[in-house]
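Below is one structure, written out as structure tokens; comments come after it.
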Amino acid sequence: MSKKNNDLSAVKVKEKFNWPLTILLILGLITVLFPLYMTIVIAFKQPSEMTNSISGILSLPQHWSFSNFREAMEVTDFWRSLLNSVLITGITMGLALVIHSLMGYAVARNMQNSKFYRTSYYYIVSGMFVPFAILMMPLVKQTAELHIANVVGVILCYTVFYMPMNVLLYSGYLKNIPVALEEAAHVDGASTWTTYWKVIFPLMKPMHATVAVLTALGTWNDVMTPLVIMSGSGMNTLPLAQLTFQTQFGTNYNLAFASYLLALLPMLIFYLFAQKQIINGVVNGAVK
Amino acid sequence: MAGLSLEHIGKKYPNGYEAVKDFNLEIADKEFIIFVGPSGCGKSTTLRMIAGLEDITSGTLKIGDKVVNDLEPKDRDIAMVFQNYALYPHMTVYDNMAFGLKMRKTPKDEIDKAVREAARILDLDQLLKRKPSQLSGGQRQRVAMGRAIVRNPQVFLMDEPLSNLDAKLRVQMRTEIARLHDRLGATIIYVTHDQTEAMTLGTRIVVMKDGVVQQVDTPTNLYNEPDNLFVAGFIGSPQMNFFDAVVAKEDDKVVLKVGGDTLALPAAKGEALLAGGYEGKTVVAGIRPEDISDEAEDLAKFSGTVIEGEVAVFELLGAGVNLNFDYADTQMTASVAPTTPARVGDVVRFALDPDKIHIFDKTTELAIVH
């Protein structure tokens with residue numbers, strides 16, 4: 001008996017140290033951490049410290065100074081650009097949570113019985129496979145003609161761009177929410193609208209968090225859409241402002257990287273906050 | 001509280017499947033009606049039509065004096081307890097129970113009073129602040145019940161509310177529901193596939209099969225005078241024994257011929273069979289396990305209806321014994337006293353109580369005489 005126990009614990013120890021997998025994970029970690037290290041180091045260096053030798057690239061800065069950050073903030077008109085970015089991302093995210101979840105709900109609950117909803121679903125989701133390059137020129141023309149070649153047009157475009165993915169996510173998640181809950185709410189006296197807001201919407205919290213993170217990340221980092229649609233409006237988003245670091249005579253990496261780090265912070269904070277909401281088993285206890 | 005009236009209610013799905021056919025029933029105020037039947041018999045569909053969760057294809061449904069066919073569930077003044085409870089997982093027990101009243105814009109203090117009263121009745125006082133995920137199965141079941149009670153609706157609808165509970169809890173909740181019915185004086189419609197629940201709870205039982213109502217009657221009448229073979233077999237556990245028999249006349253007396261055996265029938269039953277023109281025809285005879293005995297006293301008393309069979313299975317239940325034996329090409333069960341000397345392999349003589357023999361038409365399956 002005791003020998004058997006020993007054998008079992010030996011097996012357990014073996015499982016704990018899965019070397020190939022550990023090495024693979026370490027390699028994966030390096031591919032993530034190394035660029036991050038480079039970004040941070042370069043953001044703190046002076047242009048004079050940028051050499052072509054390996055040791056020069058990898059070395060830590062001689063003085064840790066925030067001067068790059070200060071300068072980058074000035075060059076990009078940081079606070080205004082940040083405000084614009086926050087505005088666009090925030091509104092897009094809000095619209096996505098409301099509109100896309102409603103669409104997902106309508107589609108998910110009617111797909112089984114209605115050809116119309118089934119067709120709509122496939123039509124919407126097929127939008128995922130249309131590359132932006134194809135849409136770009138028509139969109140530029142259309143927004144200009146509709147006089148929304150500005151922040152409104154950008155937000156509108158984003159709301160449509162993220163619709164396929166979000167509707168797919170929401171309608172998929174709704175399969176986990178039992179229809180009996182809605183029936184119970186109907187019997188309890190709630191209309192479909194009230195049922196949605198009081199019962200279904202709160203229950204989709206994990207999916208809201210996922211959708212919020214994906215949508216926010218995409219809009220926050222996007223250069224192309226604001227570049228082609230609202231470049232003439234005099235408004236800059238952070239990624240747009242950061243384009244100034246690239247000139248035809250060269251790129252100021254130190255300032256650019258400092259600026260990238262600054263732009264990354266708000267998203268990081270948002271992600272940490274949203275991540276907490278993505279918890280499994282929220283519908284536990286609803287039905288047996 | 002109010003009565004209900006279902007007139008020629010039917011449900012036909014777009015694919016042509018008829019789940020419920022011509023359902024007629026008058027339910028009086030404060031009745032406890034049970035819909036019982038095997039899976040897919042249309043009992044849940046009927047309940048859902050009453051709730052307004054399914055459209056009624058044909059017929060008229062009245063709650064009180066009001067036709068409610070086209071009313072939304074919220075306007076029907078009903079409350080429903082679902083099979084899987086359907087509690088709102090993001091709300092506390094209190095909010096779950098208060099939800100229905102909030103939707104009806106009831107003043108806050110009234111809601112509070114109603115919820116606390118229901119919680120007291122159901123022994124949920126200590127759990128009001130918990131979420132459904134922190135409750136056990138039985139507690140969730142009680143919350144689902146509480147959610148219905150606080151609304152004080154005209155009619156309670158319960159869709160197999162006990163089927164997710166373990167056996168012991170089910171018996172306990174069954175008594176609680178019976179007590180609740182007395183206490184609230186409510187009209188309850190209760191769906192179940194468990195005939196024990198049906199027999200113990202209902203004031204009247206509706207037995208359904210394939211969307212058709214087989215019989216509507218009190219538990220006692222259903223048990224003693226089933227309308228047809230299906231009801232006879234469905235109600236009662238272990239189920240009624242059936243065997244084919246030929247009606248014959250011997251010395252002015254009507255008897256049943258089963259293989260080589262002759263079973264003498266009481267005069268009233270014989271007359272009914274003759275009047276129906278069954279002489280010489282094959283009928284189905286039915287007898288409940290508890291009306292078969294192996295005791296000497298009964299063998300002497302019912303000497304005209306004694307059969308013999310070899311015991312195949314011996315089931316000790318504590319208070320009694322079920323003996324399974326082969327007779328007339330069918331498996332029969334006798335519920336006898338635990339003191340029986342019979343064991344597996346014994347050939348035993350059994351006496352059938354002739355007054356308790358039910359006779360059914362073989363083709364129409366309807367009861368001829370009880």
Side-chain angles (χ1 to χ4, degrees), chain A residues 97 101 105 108-119 170 173-212 274 276-288, chain B residues 13-15 48 50-54 72-93 95-106 130-141 143-144 147-148 150-151 153 155-157 159 161 163-165:
Chain A
L97 290 185
S101 67
Y105 176 63
R109 288 296 188 242
N110 293 302
M111 230 161 84
Q112 233 98 65
N113 305 318
S114 156
K115 211 173 169 187
F116 169 74
Y117 281 99
R118 230 172 5 248
T119 319
Y170 275 123
Y173 190 75
L174 273 158
K175 288 189 186 121
N176 295 331
I177 299 181
V179 184
L181 282 179
E182 286 160 55
E183 291 178 344
H186 282 311
V187 171
D188 266 347
S191 62
T192 306
W193 187 247
T194 326
T195 305
Y196 178 76
W197 290 111
K198 296 264 182 196
V199 178
I200 303 302
F201 194 79
L203 286 182
M204 290 199 294
K205 211 156 131 196
M207 204 27 84
H208 293 322
T210 310
V211 162
K276 269 190 189 164
Q277 310 294 322
I278 311 177
I279 28 169
N280 285 324
V282 190
V283 264
N284 268 359
V287 296
K288 190 173 156 131
Chain B
Y13 285 103
N15 62 13
R48 291 170 59 84
I50 298 173
L53 298 171
E54 299 267 0
E72 290 284 311
K74 65 188 172 81
D75 301 321
R76 294 191 183 192
D77 200 11
I78 41 137
M80 188 157 169
V81 179
F82 289 82
Q83 181 175 8
N84 46 24
Y85 318 143
L87 301 177
Y88 312 122
H90 58 299
M91 296 182 197
T92 59
V93 168
D95 289 333
N96 260 289
M97 299 212 291
F99 186 79
L101 293 176
K102 274 185 196 157
M103 288 300 113
R104 286 178 164 71
K105 307 233 165 12
T106 314
R130 294 218 197 152
K131 293 264 176 78
S133 57
Q134 297 163 309
L135 301 177
S136 69
Q139 289 167 336
R140 283 178 203 176
Q141 215 286 326
V143 177
R147 196 166 60 176
V150 289
R151 292 252 317 279
V155 183
F156 285 93
L157 307 175
D159 189 3
S163 61
N164 277 342
L165 299 177

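Letters go in sequence order (proteins before strands), and every chain restarts at 1. Below, all heavy atoms of this structure are taken into account, side chains as well, without hydrogens, waters or symmetry copies.
Residue with the most contacts toward chain A among B:Q134, B:M91, B:R147, B:Q83: B:R147 (heavy-atom pairs, distance under 4.5 Å).
With contacts defined as side-chain heavy-atom distances shorter than 4.5 Å, the pair A:L203/B:Y88 does not qualify. A heavy-atom distance below 4.5 Å is not found between the side chains of B:P14 and A:N113.
Looking only at distances, a side-chain donor or acceptor of B:H90 sits under 3.5 Å from a matching main-chain atom of A:K198.
For B:L53, the part sitting under 4.5 Å from any heavy atom of chain A is the side chain, from C-beta outward, and nothing else.
Note on B:K74 versus A:D188: no salt bridge recorded, every NZ/NE/NH1/NH2 to OD/OE distance being 4.0 Å or above.
Among all heavy-atom pairs drawn from B:P89 and A:L181, the shortest one is CD-CD1, 4.0 Å. The minimum heavy-atom distance linking A:A180 with B:A86 is given by the pair O-CB, 3.6 Å.
In this structure, the salt bridge (Lys or Arg N to Asp or Glu O under 4.0 Å) partners of A:R109, at least two apart in sequence or on a different chain, are A:E182. Applying the salt bridge (Lys or Arg N to Asp or Glu O under 4.0 Å) test to B:E54 and every residue at least two apart in sequence or in another chain returns B:K11, B:R48.
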